[in-house]
Asker: 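Here it is, the structure in full.
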Number of protein chains: 2
Amino acid sequence: MALTLEDIARLSGVSRSTVSRVINANSNVKEETRQKVLKVIQNKNFQPNLAARGLAAGRTNIIGLVIPAGVAFIFTDPYFPLLIQGVSEACNAHDHSVMLWLAEPEYERRTISQILHNGLVDGVILSSALMDDPIVKSLHESKMPFILIGRHPTLEVNYIDVDNIRASREATHHLIRQSRKRIATITGPHNQIASYDRYQGYLKALNDRNLPLLSELVLEGDWTEAGGYAAMNRLIPYKPDAVFAANDVMAAGAISAIHEAQLRIPEDVAVVGFDDTPNASRTQPPLTTMRQPIQSMGALAVETLIDIIDHPGSDSRSILVATELVIRESCGALISKPEGGDESKNPVDYQIPPVNQLHQSVGNPADENPNILRRRVKNA
Amino acid sequence: MALTLEDIARLSGVSRSTVSRVINANSNVKEETRQKVLKVIQNKNFQPNLAARGLAAGRTNIIGLVIPAGVAFIFTDPYFPLLIQGVSEACNAHDHSVMLWLAEPEYERRTISQILHNGLVDGVILSSALMDDPIVKSLHESKMPFILIGRHPTLEVNYIDVDNIRASREATHHLIRQSRKRIATITGPHNQIASYDRYQGYLKALNDRNLPLLSELVLEGDWTEAGGYAAMNRLIPYKPDAVFAANDVMAAGAISAIHEAQLRIPEDVAVVGFDDTPNASRTQPPLTTMRQPIQSMGALAVETLIDIIDHPGSDSRSILVATELVIRESCGALISKPEGGDESKNPVDYQIPPVNQLHQSVGNPADENPNILRRRVKNA
DNA sequence: TATAATAATGGGAGCGCTCCCAATAAACTT
DNA sequence: AAGTTTATTGGGAGCGCTCCCATTATTATA
């Protein structure tokens with residue numbers, strides 16, 4: 001049915017090997033020959049069989065994207081669609097394909113080993129949120145190249161993340177600077193790393209300014225709008241004057257609850273979210289939120305993973321991507337007079353040291369993208 | 001690195017072929033032998049190499065899922081996440097994997113042929129919205145098994161869809177029954193099939209009851225909330241007393257616009273959406289909408305595609321999945337007295353014949369799922 | 001018990017590619 | 001011009017599996 005290398009070879013009067021060289025951009029081909037072969041390939045719309053290539057070369061140019069499904073918020077939170085989009089685009093750009101696994105909540109051994117050993121995937125991007133995820137351990141023990149979206153609390157693995165602690169510390173500071181005294185927070189599930197980190201940032205910010213932690217103002221959400229709504233309803237009796245929600249979707253839920261309680265935003269309660277998902281600017285009032293470049297992180301994960309695949313045994317990578325506080329109306333900064341100078345341009349008026357102390361920076365900081373801090377640590 | 005069939009064979013004292021038989025559930029193996037081999041496989045956590053299997057057998061158990069990206073609403077509309085989820089789950093259940101392509105808006109030849117000829121994919125699920133999509137034509141001309149999510153206007157291809165015309169006819173009728181006289185509609189982009197069909201249903205409903213089509217009450221949206229909002233703002237000067245939005249996300253946008261115009265829902269303007277996405281019940285007031293089982297459609301697509309792959313040359317399948325009008329507050333049916341009997345239970349008080357007249361029903365209607373009408377047509 | 005069926009197993013060929021090495025062609029040296 | 005070096009090219013082997021056919025073990029039948 002489909003053409004083979006041999007067919008193309010015959011049609012262009014060269015050997016199988018030469019065609020292979022042309023396809024793989026091997027330099028040892030005379031320009032004239034290359035053109036001749038290329039024309040036939042173009043002409044016949046030839047695609048090399050990836051299964052055969054995978055078998056022979058041990059490399060398929062397929063990247064596995066593993067996302068823990070079962071979490072309800074996959075449906076309502078644009079996080080995963082954006083991530084998938086970023087990954088997919090980058091794969092296209094780098095001539096790779098993406099294999100998608102929405103893994104069951106409790107990965108069975110079978111699923112994991114299927115992902116690891118099917119011989120089809122060159123590497124894996126894992127968007128694992130959990131503190132203690134069996135698949136991370138399996139991957140870590142295997143020799144399959146992989147990268148996490150989101151740092152891991154204990155294992156030294158390749159990852160790409162935002163500095164959640166620093167970012168939410170900054171977000172909370174922003175609320176403190178608006179003279180808010182009773183700042184509540186709606187966290188994500190406690191067994192998730194990002195969620196934990198964002199809570200830590202909140203704690204640090206309070207601590208930075210010697211504000212007491214009021215435990216009645218801390219509530220665990222589940223990333224969903226309904227969860228944010230429910231949490232805010234339980235928070236309101238304790239009269240918070242601000243709330244930091246660990247993602248935008250919960251912030252939207254909180255906003256509904258605040259409205260229903262006949263309170264004004266931001267006058268009575270200021271709200272800050274996290275993510276800057278597309279709908280953040282469409283809440284009433286528009287949501288102040290910590291932007292993280294989800295799509296870029298997906299793309300960066302692909303590029304880094306490909307690099308890891310190309311350079312096995314290299315140092316493990318920790319990549320932190322910059323966040324940015326996007327100030328809209330919901331936090332009150334635009335209506336009340338600011339304390340200091342042009343804070344809206346640089347809302348951070350202090351220096352927070354890099355948080356991820358696990359790793360020592362020995363970096364190769366020279367990077368085309370100044371937003372990205374790359375660091376390498378200990379040889380794997 | 002990874003184990004091979006040969007390794008398992010050696011370890012269990014049989015031949016490569018026998019192990020292969022065990023793995024592929026071939027019946028010609030003595031039960032005792034099967035158990036022995038199975039134990040070793042289990043024990044070593046063996047996974048056959050899919051690339052090799054693909055090469056040798058010409059079948060990989062990989063299904064391609066192609067989604068036109070670039071459309072902005074991928075981010076904000078839960079449609080695609082739900083579809084992906086449905087497809088992925090069904091693939092897991094049937095021991096298949098899914099390869100994801102978010103195709104660029106204008107598929108380049110290269111992309112298409114990459115999808116078709118990479119030799120990795122047994123079949124393709126295509127969620128193509130466009131009236132005239134080059135990739136559909138390519139697939140139709142190729143011998144790659146594929147199924148469309150959403151019918152095709154001209155080509156006779158395998159597809160699974162809801163009866164959009166009938167469903168929106170029913171939704172519009174529901175508004176008419178609430179004594180609405182100036183029913184507006186916000187459609188999707190005109191070059192998309194589902195969008196076209198839903199508009200046709202709207203037209204038919206008006207026609208059914210001899211209501212005039214007021215062209216100033218018809219506006220094209222782009223499936224997004226912002227689009228729905230903008231459209232509604234332009235609609236309001238013409239004083240509609242109801243609006244049928246072609247999806248829930250646009251309905252949500254319309255609701256915002258209506259609120260801002262200080263109009264009441266449903267008293268001044270009734271709103272009906274389409275999809276019943278998770279957030280439909282969270283609008284203010286909760287949205288009446290036509291539910292389509294997106295996730296099930298994804299799963300059904302997988303199952304049908306596998307069946308098509310297993311039975312090449314069989315008749316082409318047209319599967320229509322039932323929709324259901326979910327009545328909440330936004331349409332006014334729950335506050336004004338109903339015209340007739342228990343309409344909320346069966347809001348359709350007339351018989352609309354099946355719309356898809358292209359195909360003659362010769363069906364194998366006996367199906368475990370009564371919601372699904374299967375029909376087969378003309379041998380391919 | 002011999003013989004014909006049938007059940008169970010083993011091994012070769014080959015899927016379409018890459019990799020390696022040998023063979024040939026072209027370009028330099030002296 | 002002969003000898004080297006270097007740039008191209010061709011072909012064999014083999015990746016790990018399935019498929020087919022030959023072989024052997026087992027059972028049924030005469």
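Letters A, B, ... mirror the listed sequences (proteins, then strands); counts begin at 1. It should be emphasised that the depicted structure is a prediction, and the values quoted were computed from it without experimental measurement.
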Asker: Taking atom C1' of D:dG10 as reference, at what distance in whole Å does atom NZ of A:Lys30 sit?
Answerer: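 To the nearest whole Å, that distance equals 14 Å.
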Asker: Using heavy-atom distances to pick each residue's nearest nucleotide on DNA chain C, tell me which of B:Gly13 and B:Ala52 is more 5'.
Answerer: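 So the residue in question is B:Gly13.
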Asker: Side chain of A:Pro48, heavy atoms from C-beta onward: which of C:dC21, C:dA8, C:dC17 has the nearest atom to it?
Answerer: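 Side chain of A:Pro48 sits closest to C:dC17.
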Asker: Could you tell me which non-hydrogen atom of B:Met99 sits nearest to which non-hydrogen atom of A:Ile62, and how far apart they are?
Answerer: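 Minimum heavy-atom separation between B:Met99 and A:Ile62: CE-CD1, 3.6 Å.
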Asker: Which nucleotide, C:dC17, C:dT9, D:dG10, lies nearest any side-chain atom of A:Ser15?
Answerer: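 Of all the options, the side chain of A:Ser15 is nearest to D:dG10.
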Asker: Can you find an N or O donor on one side and an acceptor on the other, under 3.5 Å apart, linking the side chain of A:Ser17 with the base of D:dG11?
Answerer: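 Donor-acceptor pair under 3.5 Å: yes.
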Asker: Between P on D:dC17 and CG on B:Asp7, what's the gap in Å once rounded to a whole number?
Answerer: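 Result: 8 Å.
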Asker: Rounded off to whole Å, could you give me the CG-to-P distance for the B:Leu55 and C:dG14 pair?
Answerer: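 From B:Leu55 CG to C:dG14 P: 14 Å.
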Asker: Please report the distance, rounded to the nearest Å, between CG in A:Leu50 and C1' in C:dC15.
Answerer: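 To the nearest whole Å, that distance equals 15 Å.
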Asker: Return the value, rounded to whole Å, for the distance between atom CG of A:Asp122 and atom P of C:dT18.
Answerer: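 These atoms are roughly 13 Å apart.
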Asker: Using whole Å, report how far CZ of A:Arg59 lies from C1' of C:dG16.
Answerer: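 That distance rounds to 19 Å.
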Asker: Which comes earlier along DNA chain D counting from the 5' end, the contact point of A:Arg16 or that of A:Arg34, where each point is its nearest nucleotide?
Answerer: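 Counting from the 5' end, the first nearest nucleotide belongs to A:Arg34.
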Asker: Take atom CG of A:Asn28 and atom P of C:dA23, then tell me their distance rounded to the nearest Å.
Answerer: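 Result: 18 Å.
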Asker: Assess whether salt bridge (Lys or Arg N to Asp or Glu O under 4.0 Å) is satisfied between B:Arg59 and B:Asp310, documenting all intermediate values.
Answerer: CA-CA 10 Å; B:Arg59 170 149 187 190; B:Asp310 287 339; 2.6 Å; yes
Asker: Does OP1 or OP2 of D:dT8 have a side-chain N or O of A:Thr33 closer than 4.0 Å?
Answerer: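 False: A:Thr33 side-chain N/O out of range (4.0 Å or more) of D:dT8 OP1/OP2.
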Asker: Look at the side chain of A:Thr4 and decide which nucleotide, out of C:dC20, C:dG16, C:dT9, has an atom nearest to it.
Answerer: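 My answer, after comparing the listed nucleotides, is C:dG16.
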Asker: CG of B:Asn49 versus P of C:dG16: gap in Å, rounded?
Answerer: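 From B:Asn49 CG to C:dG16 P: 17 Å.
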Asker: Judged by each residue's nearest nucleotide on DNA chain C, which is more toward the 5′ side, B:Thr18 or A:Leu5?
Answerer: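 Between the two, 5'-proximity favours B:Thr18.
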Asker: Go through C:dC17, C:dC21, C:dT18 for me and flag the one nearest to the A:Asn24 side chain.
Answerer: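 Closest nucleotide among those given: C:dT18.
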Asker: Is it true that, when you exclude B:Lys44 itself, more than 12 heavy atoms of the residues, nucleotides or ligands shown sit nearer than 6.0 Å to its NZ?
Answerer: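 Open.
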Asker: Taking all atoms of both residues into account, what is the closest heavy-atom pair of B:Glu31 and B:Gln35, and its distance?
Answerer: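 Closest approach of B:Glu31 to B:Gln35: OE2-NE2, 2.6 Å.
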Asker: Nearest heavy-atom pair of B:Val98 and B:Ser88: which atoms, and what distance?
Answerer: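 Shortest heavy-atom contact: CG1-CA, 4.1 Å.
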